[in-house]
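Okay, structure first, notes after.
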There are 2 protein chains.
Amino acid sequence: MTADLEITRLRESGGKGFEKVFAFLRERLLAGSLRPGDRLIPERDLAAQLGVSRPILREALRALTVLGVVEIRDRVGTIVRRPDLSVLNDFFTFAFAQQSDVIDDVMQARIAIECQAVRLAAERATVSDFEKLQLALSRIVETIDDADSGGVADFEFHRAVVMAGKSETLMVLHDSMSGILMRSHQGRRELLQVFDTMKTYLIEDHRRIFDAIVGRDPEHAERVMREHFAIGDDFRRRAAIGGSRSVSAG
Amino acid sequence: MTADLEITRLRESGGKGFEKVFAFLRERLLAGSLRPGDRLIPERDLAAQLGVSRPILREALRALTVLGVVEIRDRVGTIVRRPDLSVLNDFFTFAFAQQSDVIDDVMQARIAIECQAVRLAAERATVSDFEKLQLALSRIVETIDDADSGGVADFEFHRAVVMAGKSETLMVLHDSMSGILMRSHQGRRELLQVFDTMKTYLIEDHRRIFDAIVGRDPEHAERVMREHFAIGDDFRRRAAIGGSRSVSAG
DNA sequence: GTATGTATCTTGGTCTGACCAAGGTAAGAT
DNA sequence: ATCTTACCTTGGTCAGACCAAGATACATAC
């Protein structure tokens, strides 16, 4: 079995103990010899096989845990899991806890994701997706006068679009950015209320996106989505320039 | 000082040792009482203060390490870092490398990223970027007859495009997908050699992308990029149909 | 007074061996 | 056949120890 060879190579490889073990497990996970659902051998045995002490092995296991790759279950064992997106949210939370200057950059990624997703949505969306989009659309109309729930409705619509695209990867990425973006936009949301043309923008744009998807026109769908983001960006810009003063002045 | 109170509360909080410590540090990091550049107190002291043993503390520290939040420097100490997006690399690698049927899905994300990036590139690329793209382009021409280095050249060109887009988020995401995509495409690369029209496609398409960027035409740039991917997808499809047997055999 | 070199201290990196609590399991009782 | 129970396994944790090398202070040389 190749495992023995790998372990031998592992023992000799220079890295610090933790690095060795982490790299070893990583390799195994990536190569597929450890698949989701598998249970690792007991820590004591594994540590012995890898030539490290149990604390070190556990460091590596913990590291994999925060990545969502494995799950350490008390008195049961370490189970290989298929990482879910919740980890990403953790990460983004840490990553952007302080600095807000990355927001615009993350926004670029969100635009990328959604523009691709809306194309796919135009091709792949099912009737069920149409219904969800329709629902989200009506929610936007209903909540048009409320900043908070309006923001949520907006978010839900976009999310529905991405889901209609039927690409898990895009969904995961989108969810990851949404968290941080929502957090950052919450503060500005009231500002947006100021502009009156905004309501039309919110309702009409989303309806156009919806229509494009229903119309099975990827090209058009993306164009509309892009315009939507461009206008939104413009609004934000004006809000930023106008500053809090003019806002409070009404 | 509130720190003592927190520690007291920590001692009493029910969670398992690791969870306690991790949550404690997490809170400190997010709250900002631990800021990038700060050096944590020595492990021994910290462990004592938190009422856990060193191995447990180290588990928590390692966990934060893989999230890029802190950096453990040998014989120096644990330093709080501003997490950069490169951590995502690890995650995506794990997240998507497991099932091979996700490849096509990841490809959608790559298309999303690159189409957005090429737009930004058309707007933001500097002369230096032009040069890099030019260089990558000539590499593609040079290596057109070699599957291996040709693949690398292709990859490098696309990477240069994304870099020219000047969005770190897009760059990181792209890098993350590239890894797994390259892994999966390596096997098929020889097949692509079969089609002769492929050479023209490779050279001409990339040149058109380059021209669109230099011409500062985001719209056109994206369109060309999209066509490029569509054709590439077509090639892959034909290769898959023509040679699935020989692939699985190899 | 400055520069240099060395002894020492600090700090992470790691190991060993041990104890606990509770899930699993199989032997034993009903 | 079913239920009980004792035992074994397994993760969770701790205590104390040793090592290597960066950091530092102090003594020495210039």
Side-chain angles (χ1 to χ4, degrees), chain A residues 7-26 28-29 34 36-81 83, chain B residues 7-26 28-29 34 36-81 83:
Chain A
I7 292 179
T8 305
R9 194 184 58 197
L10 168 69
R11 275 227 176 69
E12 294 162 353
S13 74
K16 308 295 179 189
F18 167 81
E19 296 293 345
K20 289 194 314 190
V21 178
F22 187 77
F24 172 77
L25 293 174
R26 173 205 201 86
R28 282 306 190 79
L29 267 331
L34 285 177
D38 290 355
R39 206 180 70 181
L40 270 54
I41 61 177
E43 293 182 353
R44 290 170 178 80
D45 300 344
L46 189 53
Q49 283 191 24
L50 298 183
V52 296
S53 64
R54 197 145 82 97
I56 298 304
L57 172 67
R58 282 180 62 81
E59 282 182 28
L61 258 31
R62 273 308 182 199
L64 292 173
T65 296
V66 303
L67 287 177
V69 186
V70 303
E71 178 188 359
I72 305 181
R73 296 180 58 179
D74 197 355
R75 279 148 282 142
V76 174
T78 305
I79 290 93
V80 180
R81 285 190 12 179
Chain B
I7 292 178
T8 305
R9 196 182 58 199
L10 167 72
R11 273 224 178 73
E12 292 161 355
S13 74
K16 309 292 180 190
F18 168 80
E19 297 292 346
K20 289 193 312 190
V21 178
F22 187 77
F24 172 78
L25 292 174
R26 172 204 203 86
R28 282 307 191 78
L29 266 332
L34 285 177
D38 290 355
R39 206 180 70 182
L40 270 55
I41 62 178
E43 291 182 356
R44 290 169 178 80
D45 300 343
L46 189 52
Q49 283 192 24
L50 298 184
V52 297
S53 64
R54 236 182 110 202
I56 299 304
L57 172 66
R58 281 180 63 81
E59 282 182 27
L61 257 28
R62 276 301 185 204
L64 292 172
T65 296
V66 303
L67 287 177
V69 186
V70 303
E71 178 187 359
I72 304 180
R73 296 180 60 180
D74 197 355
R75 277 148 284 142
V76 173
T78 305
I79 290 94
V80 180
R81 283 189 12 178

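Below, chains carry the letters A, B, ... as their sequence lines are ordered, and counting in each starts from 1. The model shown is predicted, which means the values in this text are computed figures rather than measured ones.
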**Fill in**
note: B/Arg58, atom CZ; C/dG12, atom P; distance rounded to Å ~ 8 Å
**From B/Phe24 atom CZ to B/Leu29 atom CG, the distance as rounded to the nearest 0.5 Å** = 10.5 Å
**Fill in**
For A/Val66 and B/Ala63, the nearest pair of non-hydrogen atoms, with its separation, is CG1-CB, 3.4 Å
**Prompt:** Quick one: CD1 on A/Ile56 to NZ on A/Lys20, what's the gap to the nearest 0.5 Å?
**Reply:** 9.5 Å
**Asked** Passes side chain to side chain contact (heavy atoms under 4.5 Å, CB included), A/Glu71 versus A/Val80? Steps please.
**Response** CA-CA 6 Å; A/Glu71 178 188 359; A/Val80 180; over 6 Å; no
**Asked** Using the C1' atoms of the five pairs at each end, what is the angle between the end axes of the helix from C/dG1-D/dC30 to C/dT30-D/dA1, to 10°?
**Response** 10°
**Message:** To the nearest 0.5 Å, what is the distance between CZ on A/Arg54 and CD on A/Glu59?
**Reply:** 13.0 Å
**Item:** Sugar-phosphate or base contact per nucleotide [nucleotides 15-23 of chain C; S, B, -; heavy atom under 4.0 Å]
**Value:** BB-BB-BBS
**Request:** Would you mind reading off the distance between B/Leu46 atom CG and C/dT10 atom P, rounded to a whole angstrom?
**Result:** 18 Å
**Request:** Please round to the nearest 0.5 Å and tell me the distance separating atom CG of A/Leu64 and atom OG1 of A/Thr78.
**Result:** 9.5 Å
**Asked** Hey, what do you get for CZ (A/Arg39) to CZ (A/Arg73), rounding to the nearest 0.5 Å?
**Response** 9.5 Å
**Request:** Using atom CZ of B/Arg39 as one end and atom P of C/dT10 as the other, report the distance to the nearest whole Å.
**Result:** 12 Å
**Qualifying residue for salt bridge (Lys or Arg N to Asp or Glu O under 4.0 Å) with A/Glu43, from A/Arg75, A/Arg62, A/Arg58** = A/Arg58
**Message:** From the set C/dG13, C/dG12, D/dG12, return the single nucleotide nearest to any side-chain atom of B/Arg62.
**Reply:** C/dG13
**Prompt:** Can you check the A/Phe22 CZ to C/dG13 P distance for me, whole Å?
**Reply:** 15 Å
**Separation of D/dT9 C1' from A/Ile72 CD1 (nearest whole Å)** = 17 Å
**Atom of A/Leu40, atom of A/Leu46 and distance for their closest heavy-atom approach** = CD2-CD2, 4.0 Å
**Item:** Distance, rounded to the nearest Å, where B/Asp45 contributes CG and C/dT11 contributes C1'
**Value:** 10 Å
**d(CD, B/Glu59; C1', D/dC14) in whole Å** = 12 Å
**Prompt:** For the pair made of CZ in B/Arg73 and C1' in C/dT10, what is the distance, rounded to whole Å?
**Reply:** 15 Å
